[in-house]
Amino acid sequence: MKNSKIYLSPPHMTGKEQLYINEAFESNWIAPLGRNVDMFEKEIAEYVGAKGAVAVSSGTAAIHLALSLLDVKRGDRVFCSTFTFVASANPILYQGAEPIFIDSEPESWNMSPLALERALYDAYKEGKLPKAVIMANIYGQSGKMDELMTLCDHYRVPIIEDAAESLGSTYHGKHSGSFGDFGVYSFNGNKIITTSGGGMLVSNNEIILEKARFLATQAREQAIYYQHHEVGYNYRMSNILAGIGRAQLEVIEERVHAKREVFKMYERLLADVDGIDFLAELPETRSNRWLTVFTINNLEIAAEPFEVLKSMTEHNIEVRPLWKPLHMQPLYLGTPYYSHSEHVDVSEQLFKTGLCLPSGSNLSEIEQVRVVNCLKESLKGAKRKEGIF
Ligand SMILES: *Cc1c(COP(=O)(O)O)cnc(C)c1O
């Protein structure tokens, strides 16, 4: 009998989602907007400690709105983490602007302050500073926000914090996504909480958030007839999906706890394997451990990550490579890029040596033991194939 499939980070319903959906049905307030949307916005803002929030159709839409609100136009520059999902950067292209990618640093795997400093300095000298810096907080770990923010403040460049993967994570006690001029969350199916699809834009500037709501509803003006001065988008979240989000948000702390437990269990069960380095939690941060991720130290293990991935996939276990850096993507070929230091490309190294393990908050202990046993076997098998030892 074939073992059932173990997914990377599947949706984890609470059972209470239906209550909020029913509320919307009973009032016949299905779409778009309504009480669930208003409440979901309030509840997220309260949870992360932001003044306000705007619920939208995806995390990508939230990033796009943030760029629009910062008046990013054709020919403008925007800096962006290179070690992230493509959705962090694509809205730069939607605006006709020019991305410049910034490498990671080795401790948090997030934006390198050294690379950012060089990039900002060069841009300043050219008289063409970026209109925004998009910083991703990857796999639930916050970047080195103090250093990064000091640099952006110095050059007065606004920050868009892509916290799509890090809802519930903190840095010095403050929520990931609440540091930048804008914060972005995603409720895509595999994120720590989900609305099946959706996103949130947060900020401490309520006037700007009102403008975000306006742009997200086709930039339709207050008039008897349909009146428009600007290009808008159809980006608002439906009242049904916001209902799912409200039930999910009620258990966010439990979900963070469960994901952290999944991580601890991997750490314990793999303690006897030399050469596996997990993404560390920076001091004074709490990671939501959205995914348990690690790199293989090839001085100790000869296993090639993609061989390990193939072997585990054959056993019906979903394992993924780490993000392929955006400066290596065919889509972004030729885009300027600043590495961590002159001779060290942290993100390229991570991509070549790392993997993501199944990390659902609903992953059972039995499933996790199966993943670990399969990983240990795959590491050995891949080693034999390489024939290095
Ligand atoms: C998931 C994700 C997004 C995109 O969110 P969607 O809701 O799927 O549009 C953006 N950035 C990062 C880092 C993500 O992981």
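In each ligand, atom 1 is the first atom listed, and ligand 1 is the first ligand listed. On a predicted model such as this, the values are computed, not experimentally measured, just so you know.
Taking a cutoff of 4.0 Å between a charged side-chain nitrogen and a carboxylate oxygen, K174 and E284 do not qualify as a salt bridge. Residues R255 and E253 are not paired through a salt bridge, judged by the lack of any N-O separation under 4.0 Å between the basic side chain and the carboxylate. Taking the charged nitrogens against the carboxylate oxygens, D71 and K73 do have a contact shorter than 4.0 Å, which makes a salt bridge.
A parallel orientation is assigned to the rings of W323 and Y139, their planes being inclined by less than 30° (bins at 30° and 60°). The aromatic rings of H64 and Y235 lie perpendicular to each other, with more than 60° between the two planes, well past the 30° mark.
If you take CD on Q329 and CZ on F101, they are separated by 8.5 Å, rounding to the nearest 0.5 Å.
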Check ligand 1 for N or O atoms under 3.5 Å from a protein N or O and list each pair with its distance.
{"unit_1": "ligand 1", "atom_1": "5 (O)", "unit_2": "S186", "atom_2": "OG", "d": "3.2"}
{"unit_1": "ligand 1", "atom_1": "7 (O)", "unit_2": "G59", "atom_2": "N", "d": "2.7"}
{"unit_1": "ligand 1", "atom_1": "7 (O)", "unit_2": "S186", "atom_2": "OG", "d": "2.7"}
{"unit_1": "ligand 1", "atom_1": "9 (O)", "unit_2": "G59", "atom_2": "N", "d": "3.3"}
{"unit_1": "ligand 1", "atom_1": "9 (O)", "unit_2": "T60", "atom_2": "N", "d": "2.9"}
{"unit_1": "ligand 1", "atom_1": "9 (O)", "unit_2": "T60", "atom_2": "OG1", "d": "2.5"}
{"unit_1": "ligand 1", "atom_1": "11 (N)", "unit_2": "D162", "atom_2": "OD1", "d": "3.3"}
{"unit_1": "ligand 1", "atom_1": "11 (N)", "unit_2": "D162", "atom_2": "OD2", "d": "2.7"}
{"unit_1": "ligand 1", "atom_1": "15 (O)", "unit_2": "E165", "atom_2": "OE2", "d": "2.6"}
{"unit_1": "ligand 1", "atom_1": "15 (O)", "unit_2": "K191", "atom_2": "NZ", "d": "3.2"}

